[in-house]
Number of protein chains: 4
Amino acid sequence: MMIIMRESATDNDIDHLIEKVKEVGVDVHVSKGAFATVIGLVGDTIKARDLPLATFPGVERVVPILKPFKLVGREFHPSDSIVDVRGVKVGGNNFTVMAGPCSVESRDVYLDIAKFVAKTGAQILRGGAFKPRSSPYSFQGLGEEGLKIMAEARDVTGLPIVTEVMDARDVDLVVEYADILQIGARNMQNFTLLKYVGQANKPVMIKRGLSSTIEEFLMAAEYVVSGGNNDVILCERGIRTFETYTRNTLDLSCVPIVKKLSHLPIIVDPSHGVGRWDIVEPMSIASVAVGAHGLMIEVHPNPEEALSDGYESLKYDNFETLMKNVKQAVRVFGKGM
Amino acid sequence: MMIIMRESATDNDIDHLIEKVKEVGVDVHVSKGAFATVIGLVGDTIKARDLPLATFPGVERVVPILKPFKLVGREFHPSDSIVDVRGVKVGGNNFTVMAGPCSVESRDVYLDIAKFVAKTGAQILRGGAFKPRSSPYSFQGLGEEGLKIMAEARDVTGLPIVTEVMDARDVDLVVEYADILQIGARNMQNFTLLKYVGQANKPVMIKRGLSSTIEEFLMAAEYVVSGGNNDVILCERGIRTFETYTRNTLDLSCVPIVKKLSHLPIIVDPSHGVGRWDIVEPMSIASVAVGAHGLMIEVHPNPEEALSDGYESLKYDNFETLMKNVKQAVRVFGKGM
Amino acid sequence: MMIIMRESATDNDIDHLIEKVKEVGVDVHVSKGAFATVIGLVGDTIKARDLPLATFPGVERVVPILKPFKLVGREFHPSDSIVDVRGVKVGGNNFTVMAGPCSVESRDVYLDIAKFVAKTGAQILRGGAFKPRSSPYSFQGLGEEGLKIMAEARDVTGLPIVTEVMDARDVDLVVEYADILQIGARNMQNFTLLKYVGQANKPVMIKRGLSSTIEEFLMAAEYVVSGGNNDVILCERGIRTFETYTRNTLDLSCVPIVKKLSHLPIIVDPSHGVGRWDIVEPMSIASVAVGAHGLMIEVHPNPEEALSDGYESLKYDNFETLMKNVKQAVRVFGKGM
Amino acid sequence: MMIIMRESATDNDIDHLIEKVKEVGVDVHVSKGAFATVIGLVGDTIKARDLPLATFPGVERVVPILKPFKLVGREFHPSDSIVDVRGVKVGGNNFTVMAGPCSVESRDVYLDIAKFVAKTGAQILRGGAFKPRSSPYSFQGLGEEGLKIMAEARDVTGLPIVTEVMDARDVDLVVEYADILQIGARNMQNFTLLKYVGQANKPVMIKRGLSSTIEEFLMAAEYVVSGGNNDVILCERGIRTFETYTRNTLDLSCVPIVKKLSHLPIIVDPSHGVGRWDIVEPMSIASVAVGAHGLMIEVHPNPEEALSDGYESLKYDNFETLMKNVKQAVRVFGKGM
């Protein structure tokens, strides 16, 4: 940490700050410039992290030097993490497609979709049993009944299942059925929930929050890993901007940056990212191109009948085309699938 | 709802859509323009809300006409709601200041602050026992011990207390102690939590999410009210933008707009809104000027020692000045305090 | 400037950087921490400003310490600047209302509005002769004819006039008529235009760009002042965010922050800032409360007939009410008007 | 256009609005719903575009149905436009790489870079002679001298040149030298400049503004085309968001959406889009994948010596690798290059 003092800071201000820092066992290095004095913290500066240095008299600004995440950082763990989901490897040189409808709506429709996406090459089934909906009057998901239908689809297809858990109270229930616990974008900073899934014995997939920086995204993962659960998958799904032609702005630059900063796998959800089925395919191919470890795609045989997010779901034939082109792109860009 | 069809929509597309809409019991009104056909839904259009009309063939765009909120809307309830918090009235012609530290850190410090802000004219005590922190390594709050300290401060000062509840599991515990249950910005769309506090017998204060629209903000309140709890207070606390001189951008225009749309009281938290103590006072006076029903202010005797958000806390003398000027502004702008 | 080196930086990287910095005549101060080496530049560090230090091998990040603006900064000029506009003082302890229609549409309507706002207490007339319109098919303003009408209104009312200049080619023409040259939000970083008005002998009012940081806003002013024109007025007019209930998000925190950083006067344009007439008044009072030096308000006798921005214009009776309340607020908050 | 009336609108309000609309020669279609009356404009609704209908009494909201652009829209011109730049085809099935340094700094360095990028397969040379810089104290470009150096590089390599024109005053000068006139992001809504280049006999490349919607981006192109110049190339270069790990957020979804809406070619500038050289390559491949018609890449032999934007420039060896991978991606995704 570097503390930049105001030009008007007095010697007392400087001495006072140095004293407080030394009290917590951190050493300092003082550099007096023509216009400003800068105090660098040296040694085990983590001890000083909770000092509210910005509030000390004479302080202009505090500049952190160390990144706030550790366990999820590449410095700590240089090689790619690979998350094993019932035998399906996510991360490293693998490319994984998770597909299915937004919500589980009925047994028949879900099984039909599951069989179709399995046949078409998806490796993991998605589906929502607990749905975060901005209106209390909208369909809220089938709850445990939905989880049971997903479990049946896993039995039928052999594919693992990923589904959202919205609340710490439901973690135990969802763990019973799901192979990946999904943390939704609106819950990315639900720290209680992150702590609970950090103690679960199932992989966790965290979606980036609507207005979360990459650093906050990685800190959400740090919560889970610091709880003891190393099996974390990240998912870029678009951030909120002023643009209205798309539902969100899919930030594909997030993928190569996360891969530099962290060893965790990162996939992309273009369906929510853009919110319109008609450009899901090019955004999927682009996700392969930027080095994503996988995709999460919404599929529905009849989006007109979908109870949520129908507008962003691909029909069967479009999903087939997408998979063909994704597989080709994965081959060209050198990953297995 | 109006459905705007593409220029290329066929008669079949139009007939198909009309048929589906009529199936759910809604009537239509068709308007064929030079370039586009528009289908207006008439009658009890709420029945058609869950039809994914945007996905129907030939549809260009769906334009909602009714607002998505009802119970919190002014049309439903034209006069201002007044929330009674242990005798303190929030809303209507009242102006209420909630003050205290960001976190409850120790009994002695908290009681000292509580007595000071009570003496200075605050009507409600704030303080965090459960703290949402972006790092798992930061101070997370004292939990129930913090709640007990707050309850003691209430006994000593006679002021009601407001504190955050972060998780549905903790609602029962927090209800035991708190007079207002605060939903933090990061949990504004934690719909499970909103449902739980909708069943609590205590007033709820909802902070606007970092990237929430005003409509989503009101829909969060709709969740609580539709659960049966009418005592909801809204709190504008800044939205995330590209600006870096402030921690967030405090959106004061939210206040008069919410007051047009809703009967619920709305207060402003300038401390978090700007994230720097040195402009909290002008933003507080401005909050009075735009018609807010109150303020939430961070106060700490010694921000250097604060375990969280010290940089945005006012020292005692600055809080005294702020209160003097806020009271004057409230008098001028015609509210009681 | 502080240069933070990566943990992996070699001694060669560090020596190389130090050598390059010394070559331009700047001295360094090296601080080796447990995890990172930090190189502080000392002495006349401005000489090193154009070195692309971030690209040097081993560099993690470059942290500027000095602010990029000088002439507009308060450190350089501690007392408030007061801009004299034909005898009307803008800045310091003065509060100035500029009012009028968005566009000059016809002589009769403009003169009528001018007389009305003059009588109601506005001190400066606004009006657009050159209009930036997002569509080439929209009304583009009357050009020089509009300027002539404004000049006539000045003769009739005695009030100075402010109008936008959109292009360096038009500066000489607009200077002939206007008392303040307005730089529109979309031209805030039209650096050629800024240089031209920096050489004009008329005051300049710069509107904040739609996505401009406060620092960029001040740097736009720095362009004008560094060209030799000290008479610059800043105008906050809202930034672009995701919110749709308002046209822009009026950032009132910009006012106290600019006043800390700069000696220049800053006014607020709530009409464009929120884009809806029905909350212009509360946002105006709030602008007084945060310490703005004035307001810019759109007024139109019959917004239904306005050729641009009718929806944000106040009718005469609403403007009268606004002026009454603004004057009261100015008295309470201690400025002259 | 659809006009949605408030529930409280009177019959008088409705009749008044209908009368005004009919006065300009547009017919209406009235639909009275249970909660709201909607008035649809039919016939040649463009005539009503300048009526400020939102300001009429009783109006809740005005919903445009037609898109505001015409000449650049695909409906008007279904096949892809191909812009001929001295024999280099941009658009359609072609993929074009524009490369070079951010600024022209010296004859020797520029010629060296030009020869290198030509040899490596770039088809157009980029370079800035007039530079928009946020500080008046930064290097502002060599002006006409820079244009002469670029022209010499064209003679030496045979490649056409693209360079920015910042001001209407300079259009004639830049036209003398350049093969493509670049409109920078900060000038995307400099409507005067857009009109001038709309009359130039050279192709124009428009960069998306930092906070411009896709619709505004297309309207900027509409300005140029409506001036008579059909040779417009669009360039996505990132929008401003809250994320700080990248300089801007490159919005790749803009590419497929623009291709749906417009016949104009669209390329991507990942160098400015992300502002860090280390992820330019993956973002370039992704740009190919989403269907861009080309790339604009910054190259510098020694970014440490660059006078602007060194941090985002690729060194020679990295540019060679990028070109190899881009060519492969172009082959796979089916375009010529």
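Only heavy atoms go into these numbers, but all of them, side chains included; no hydrogens, no water, no symmetry mates. Below, read A as the first sequence line, B as the second, and so on, with proteins coming before strands; counting in each chain starts at 1.
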Which bit of [X] comes within less than 4.5 Å of chain A, counting heavy atoms only: side chain, backbone, both or neither?
X	result
R240(B)	side chain
E216(B)	side chain
Q140(B)	side chain
S212(B)	backbone

In terms of heavy-atom pairs under 4.5 Å, which option from Y223(B), F69(B), Y196(B) contacts chain A the most?
Y223(B)
More than 12 heavy atoms of other residues, nucleotides or ligands under 6.0 Å from CD of E215(A): is that the case?
yes
Does E75(A) CD have over 12 foreign heavy atoms under 6.0 Å away?
no
Output the distance between atom [atom1] ([X]) and atom [atom2] ([Y]), rounded to the nearest 0.5 Å.
X	Y	atom1	atom2	value
S134(A)	L218(B)	OG	CG	12.0 Å
H300(A)	T55(B)	NE2	OG1	9.0 Å
S135(B)	M219(A)	OG	CE	3.5 Å

Going by ring pair (Phe, Tyr, Trp, His ring centres under 6.0 Å), name the residues that satisfy it together with Y137(A), two or more places apart in sequence or in a different chain.
none
Sub-4.5 Å heavy-atom contacts with chain B: which residues of residues 186-195 of chain A show up?
R186(A), N187(A), Q189(A), N190(A), F191(A), T192(A), K195(A)
Using a 4.5 Å cut-off on heavy atoms from C-beta on, say whether the side chain of P136(A) contacts that of S226(B).
yes
